[in-house]
2 protein chains.
Amino acid sequence: MKENLYQKIACALEEKIRNGTLKTGDKIPSLRMLHREYGVSMTTAVQAYLELEAKGLIISRPQSGYYVSHQPAYLSVPSVSKPSGGTEPIGVETLISKVYSTLSNKDVTRFSLGVPENELLPIAKLNKELVNATRNLQGNGTEYEEIQGNRKLRRDIARLTYTWNGNLNEDDIVTAAGAMNAISFGLMALTQKGDTIAVESPVYFGILQLAKSLGLKVIELPTHPVTGIEPDALKKVLFKIKVCILVSNFNNPLGSCMPDEHKMEVVKMLSERGIPLIEDDLYGDVYFGNSRPKPCKVFDEGLVLWSGSVSKTLAPGYRVGWLAPGKFKDKIVHQKLIHTVSSTTITQETIANFLEKGRYEHHLRKLRSELHANSLQFARAVAEYFPEGSKISQPQGGFMLWVELDKRIDTTELYDLAIRQKISIAPGRMFSLQNQFNNCMRLSYGQRWSEQIDDKLKQLGRIAKGLIV
Amino acid sequence: MKENLYQKIACALEEKIRNGTLKTGDKIPSLRMLHREYGVSMTTAVQAYLELEAKGLIISRPQSGYYVSHQPAYLSVPSVSKPSGGTEPIGVETLISKVYSTLSNKDVTRFSLGVPENELLPIAKLNKELVNATRNLQGNGTEYEEIQGNRKLRRDIARLTYTWNGNLNEDDIVTAAGAMNAISFGLMALTQKGDTIAVESPVYFGILQLAKSLGLKVIELPTHPVTGIEPDALKKVLFKIKVCILVSNFNNPLGSCMPDEHKMEVVKMLSERGIPLIEDDLYGDVYFGNSRPKPCKVFDEGLVLWSGSVSKTLAPGYRVGWLAPGKFKDKIVHQKLIHTVSSTTITQETIANFLEKGRYEHHLRKLRSELHANSLQFARAVAEYFPEGSKISQPQGGFMLWVELDKRIDTTELYDLAIRQKISIAPGRMFSLQNQFNNCMRLSYGQRWSEQIDDKLKQLGRIAKGLIV
């Protein structure tokens, strides 16, 4: 019977996956191959794979095929953070500088990198658009751009928001030199020295540095490695915060993604108190599931400043980002005017052209697929090579993993040992003002998977094991 | 006798200049022509012209020839400013926005423009360097640049400072997205909300807007239209200021240039009190005399943050500027990191290449020559067409004139009338937080001289005359 056949195929594959013959990240035969080489009907093949997919053992990636996605059972997710409230800033700046200093060294395997490696970027196509942009711009790009930003680019960004019912238009968008620049405008427009803001914990260290420099107090909120901040924890501090900043989708460094209910709840509680939310959504386009997660902005009535950039998906060095500042638009445009006058004309136009021709979506499809496969390979390698008891976040997008190691391992020490072997990681301590995450680290999988990467992860695991005494 | 002959020639020309047959800005016969067509020996011709030059009646411009530079006697320089100390910010932002809003309209003759028109910029050569830069950069310019800025560009900028004995090196320079961006980093690094800073008066409104936004109090110093701020006035307020900002060379909007003695005195008095000086020297390369005026930086022992950009000479839309922050370098690099991460890679490399090939100096020679001729034409036109009693600054560099009109003329009103006839000016009121300069305006002569420009100045003069009741 037909039913038996598809189940038989599914069972055989399941066994190979569970006993490790097929490893996480491995490609399995295509439907067509199953059909042709094993004489199975296409319907049967599809049914078998649907069964495996439903069990979470394989995933399909558009235009690429099917891959093993089984996470070995002993890999737990890291703990929910429990920031204490005290601050312990000493040494963090030094640590950040140290990690930064190795980033330009390409001999080093840079698991610490905050952007995907060049090999994953559509550089040739960008070059082509750069030439076109220069040719078509008045003054060939030597002229100041409109203060609010390149109009075409703003229109294209607004169009991107249609996929999550953003329904923004070009007037709602202000461009900036990257998402951090957009967040900087937001904080400068909405806070005063001495104000308090709430952020995730762990949180991208750039946000901490910026807040510190502006004289802001920071409340780090307990954050779940899968679902992001705990709304109840935010509720308790609402009375004392001026602004909340969240990386809602595929958070850096944790990889968490807030469920829609949390997003809705958070926007609601902030709005009731008139507290602006700066939402850094720069990873949202790099989702591994079937559709882009919504940003908090979709539940907003004017208090959400939604920011993004192409720094993580196209061209970090172009410095193209944006902000949809809701009712704070005039304030943001003013900040941009006084601090930078306008954005770089040529790179904004180049990205506008790239988006307009639909090249972005095309590129993202490939990027998502590759990063998803990488994330599975990394998870497998960490499970295989790292000390027993290692925990790992399972991000459904982005290109960062958060790894929690045995309590006895200090990842700052691990950094020092690993860099001697030309491996760099981002120690967990970088991502908090408090003395926590000392046994955690962020790993970037934004590079082409290879045996060499596998070897380096193995090497890193060995060094980590050596630190357990 | 020889002596008689050269004097005779000089006298004849002088008469033609004084009676207006030869007008300010007109080209006079070349030495060679005098020699050939009038049978005068070269020595005699040279002597005659030297005599006229010494009297300030003509000027020589390299590779171009001799021009009438006589300023008709009834054109006085504007008054030394006497800011009262009170502030009157109401309406200024609206006025600035209004003037900005017409800047993208190319049907308008933009005497209000803050940059030279495209026709004066070496656009084709920049395009060529842009292509080279993209080709040579790792990742074709998609990668983040070093935080401190493109190393080659920093080296080239350091080399430019050799002409005034700056003797800076690449480690002393931090790049920024234009000079205002550099100043913004400076103020954010060195001041706190509530601090007081001292500036010129009139002063570029961007500095006022920035200071206001950072919660700084501003002291506007009495400023001479030729020699810049009065050092004695600065001395009196030293006890209460945290930072001083000066546009030392060819100040915007006044056109003033501080004499070396003043620069030395100012640096000395500030240094004695440990007060940093942010020196905005973005017009210094566009001098009309024989050599570049020194910046204050040359007298410095670490407290001068010297800034510049190519926005006024090459490409405003490239967003390439810099700061030599003296002993505050680490603070500035940190500000840059947290607010923008890094500069746009491609445009920085393009400018680096342009400088490296010596193209900048070549371009500047032409630009200076043309702007100098323009400044004389504008002075002549203002003298000829504007209401009697008009005063005008006589900048020896840059591309801005400051015009002081009859007290009865309100230049904000003049703006409204002129814009209807497609002429825009920058009303004086924009350049102060106080209620002053209502009868002044800034005119840009950064455009190719033509009969049409002459007509527009005539028209503007007519409108101004109509405002005297």
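For clarity, every value in this text was computed on a predicted model and none was experimentally measured. In what follows, chains carry the letters A, B, and so on, assigned in the order in which the sequence lines appear, proteins first and then strands, with residues in each chain numbered from 1.
Within the 4.5 angstrom heavy-atom criterion, no atom of Phe205(A) approaches chain B. Using a 4.5 Å cut-off between heavy atoms, Ser342(B) touches chain A through backbone and side chain atoms alike. Contacts between Phe185(B) and chain A at a heavy-atom distance below 4.5 Å are absent for every atom of the residue. Neither the backbone nor the side chain of Val320(B) comes within contact range of chain A, judged by heavy atoms closer than 4.5 Å. Using a 4.5 Å cut-off between heavy atoms, Thr347(B) touches chain A through its side chain atoms alone. No part of Ser97(B) comes within reach of chain A, as not one of its non-hydrogen atoms sits under 4.5 angstrom from that chain. In this structure, chain B has a heavy atom under 4.5 Å from the side chain of Leu214(A), while its backbone stays farther away. Proximity to chain B (any heavy atom under 4.5 Å) is shown, for Gln348(A), by neither the backbone nor the side chain. Neither the backbone nor the side chain of Glu146(B) comes within less than 4.5 Å of any heavy atom in chain A. Heavy-atom distances place no part of Glu119(B) under 4.5 Å from chain A, backbone and side chain included. With a 4.5 Å cut-off on non-hydrogen atoms, Ile147(B) touches chain A through its side chain but not through its backbone. For Asn118(B), the part lying under 4.5 angstrom from a heavy atom of chain A is the side chain only.
For residues 176-191 of chain B, the set of pairs meeting the side chain to side chain donor-acceptor pair (under 3.5 Å) definition, not counting sequence neighbours, comprises His339(A)-Ser184(B).
Heavy-atom pairs under 4.5 Å with chain A were tallied for Val115(B), Leu121(B), Ile338(B), Leu137(B); the largest tally goes to Ile338(B). Of all the listed residues (Thr345(A), Leu314(A), Thr344(A)), the one sharing the greatest number of non-hydrogen pairs under 4.5 Å with chain B is Thr344(A). In terms of heavy-atom pairs under 4.5 Å with chain B, the best-connected choice from His334(A), Lys193(A), Arg319(A) is Arg319(A).
By the 4.0 Å N-to-carboxylate-O rule, Glu143(A) lies close enough to Lys106(B) to be salt-bridged with it.
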Would you please test Ser213(A) and Gln335(B) for side chain to side chain contact (heavy atoms under 4.5 Å, CB included) and show each step?
-> CA-CA 8 Å; Ser213(A) 164; Gln335(B) 286 295 323; 3.3 Å; yes

Show your working on side chain to side chain contact (heavy atoms under 4.5 Å, CB included) between Leu337(B) and Gln209(A) and close with a plain yes or no.
-> CA-CA 9 Å; Leu337(B) 169 65; Gln209(A) 290 177 307; 4.2 Å; yes

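Counted within 6.0 Å of NZ on Lys242(A), heavy atoms from surrounding residues, nucleotides or ligands total more than 12; the atom is thus considered enclosed.
In this structure, Tyr318(B) OH and Tyr144(A) OH are separated by 14.5 Å, a value rounded to the nearest 0.5 Å.
Applying a 4.5 Å heavy-atom cutoff, the residues of residues 123-130 of chain B that approach chain A are Ile123(B), Leu126(B), Asn127(B), Leu130(B).
In terms of the side-chain contact (heavy atoms from CB on, under 4.5 Å) criterion, residue partners of Val174(B) (sequence neighbours excluded) are, by chain and number, Gln148(B), Pro325(B), Lys329(B), Ile332(B), Val333(B), Lys336(B). With sequence neighbours excluded, the residues satisfying side-chain contact (heavy atoms from CB on, under 4.5 Å) with Thr313(A) are Val286(A), Val310(A), Tyr360(A), Leu364(A), Leu367(A).
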